[in-house]
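What follows is one structure encoded as structure tokens, with my remarks underneath.
Predicted model only: the values in this text are computed from it and were never measured.
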Amino acid sequence: ETGVTQTPRHLVMGMTNKKSLKCEQHLGHNAMYWYKQSAKKPLELMFVYSLEERVENNSVPSRFSPECPNSSHLFLHLHTLQPEDSALYLCASSQSDRRTDTQYFGPGTRLTVL
Amino acid sequence: QKEVEQNSGPLSVPEGAIASLNCTYSDRGSQSFFWYRQYSGKSPELIMSIYSNGDKEDGRFTAQLNKASQYVSLLIRDSQPSDSATYLCAVEGNNRLAFGKGNQVVVIP
């Protein structure tokens, strides 16, 4: 058990649906991340939050909308997604947003967009 | 040029043999290097980090770093079926962490 949980673990949605992914960390960390993992591609960093403030947004389409209400919770709101958005979405946390800090990953949400 | 490159194709090794994984990176100013293991259907977990040139050993795992040649490798000694997984190389530079595509290792009993 990594101390980072994600729900749901699997999600199938149509292109017109709105859904949200949830991440919770129980490690007392101050930074949280959303990554996208597609087959045969490197992990892609989407967003970084440090102390509930967004500190990095890597040119992610606006159909992905993150929210960090406190340092333990992170959401990714999804709307009007495309089939190419189907992937494994991983949440991670670390003590600070320094990339030298070890990042602990959640189990991921496997998203399928029909 | 890709930021972090790992050899393509699965690596099959017999049980008890040494598995050797290589990773090259493009940012000469990179300072921190990580190896993550990811079992099929699971999330990545950190198994090794290395910051200085040379070797770092942890149990059956050895990470080797050569900053002049811009490569970092991972050796798995006495490979076990439980080592079958994808191994991700990650390189930190300028407070950015870049991942490679990963190397799949299959240990054959």
Side-chain angles (χ1 to χ4, degrees), chain A residues 1-10 21 23-27 29-50 55-59 74 87-112, chain B residues 1-11 21-27 29-52 56 58 61 63 65 67 72 85-105:
Chain A
E1 196 61 35
T2 63
V4 181
T5 58
Q6 289 185 245
T7 54
R9 296 293 308 276
H10 300 270
L21 310 185
C23 175
E24 183 174 359
Q25 58 95 1
H26 312 273
L27 301 169
H29 288 165
N30 293 317
M32 296 186 77
Y33 309 77
W34 279 117
Y35 284 91
K36 176 183 179 182
Q37 189 173 37
S38 305
K40 308 297 183 188
K41 285 186 169 183
L43 271 174
E44 300 172 52
L45 180 63
M46 301 174 73
F47 302 103
V48 181
Y49 276 82
S50 178
V55 296
E56 192 164 333
N57 175 348
N58 284 321
S59 304
L74 185 64
L88 180 67
Y89 289 84
L90 290 163
C91 172
S93 72
S94 60
Q95 188 60 53
S96 77
D97 65 342
R98 287 185 311 220
R99 300 313 139 80
T100 52
D101 286 359
T102 299
Q103 295 185 22
Y104 296 85
F105 287 84
T109 296
R110 174 68 62 185
L111 174 67
T112 303
Chain B
Q1 185 182 6
K2 295 175 186 170
E3 290 189 74
V4 179
E5 285 205 59
Q6 295 185 247
N7 312 5
S8 61
L11 175 66
L21 305 172
N22 293 317
C23 171
T24 58
Y25 58 93
S26 59
D27 183 357
S30 298
Q31 296 295 322
S32 308
F33 307 85
F34 308 90
W35 283 99
Y36 283 82
R37 177 178 61 200
Q38 186 173 21
Y39 291 115
S40 180
K42 302 292 186 181
S43 57
E45 58 174 328
L46 183 71
I47 55 170
M48 289 286 285
S49 57
I50 186 166
Y51 307 98
S52 307
K56 179 181 177 182
D58 184 358
F61 298 99
L65 175 60
K67 290 185 180 180
V72 56
T86 296
Y87 291 81
L88 307 177
C89 173
V91 176
E92 181 275 335
N94 294 319
N95 205 36
R96 290 185 65 250
L97 189 65
F99 285 83
K101 291 183 183 181
N103 273 129
Q104 185 183 3
V105 172

(message) Quick check on the structure: residues of residues 41-50 of chain A within a heavy-atom distance below 4.5 Å of chain B, by number.
(response) A/Lys41, A/Pro42, A/Leu43

(request) Using ring pair (Phe, Tyr, Trp, His ring centres under 6.0 Å) as the criterion, list what pairs up with B/Phe99, not counting sequence neighbours. (result) A/Tyr35, B/Tyr36

(request) Quick one: list whatever passes ring pair (Phe, Tyr, Trp, His ring centres under 6.0 Å) with A/Tyr89, sequence neighbours left out. (result) A/Phe64

(request) Sort A/Gln6 into side chain, backbone, both or neither according to what part of it lies under 4.5 angstrom from a heavy atom of chain B. (result) neither

(message) For A/Glu56, give me all partners under salt bridge (Lys or Arg N to Asp or Glu O under 4.0 Å), at least two apart in sequence or on another chain.
(response) A/Arg99

(request) Measure distances from B/Gln104 to the heavy atoms of chain A and classify the residue's part below 4.5 Å as side chain, backbone, both or neither. (result) neither

(message) Main chain of A/Gly108, side chain of B/Ser43: is a donor-acceptor contact present, judged purely on distance under 3.5 Å?
(response) no

(request) Rounded to the nearest 0.5 Å, what's the gap from OG on B/Ser49 to CG on A/Asp101? Could you check? (result) 11.0 Å

(request) Can you measure from OG1 (A/Thr100) to CG (B/Leu97) and round to the nearest 0.5 angstrom? (result) 9.5 Å

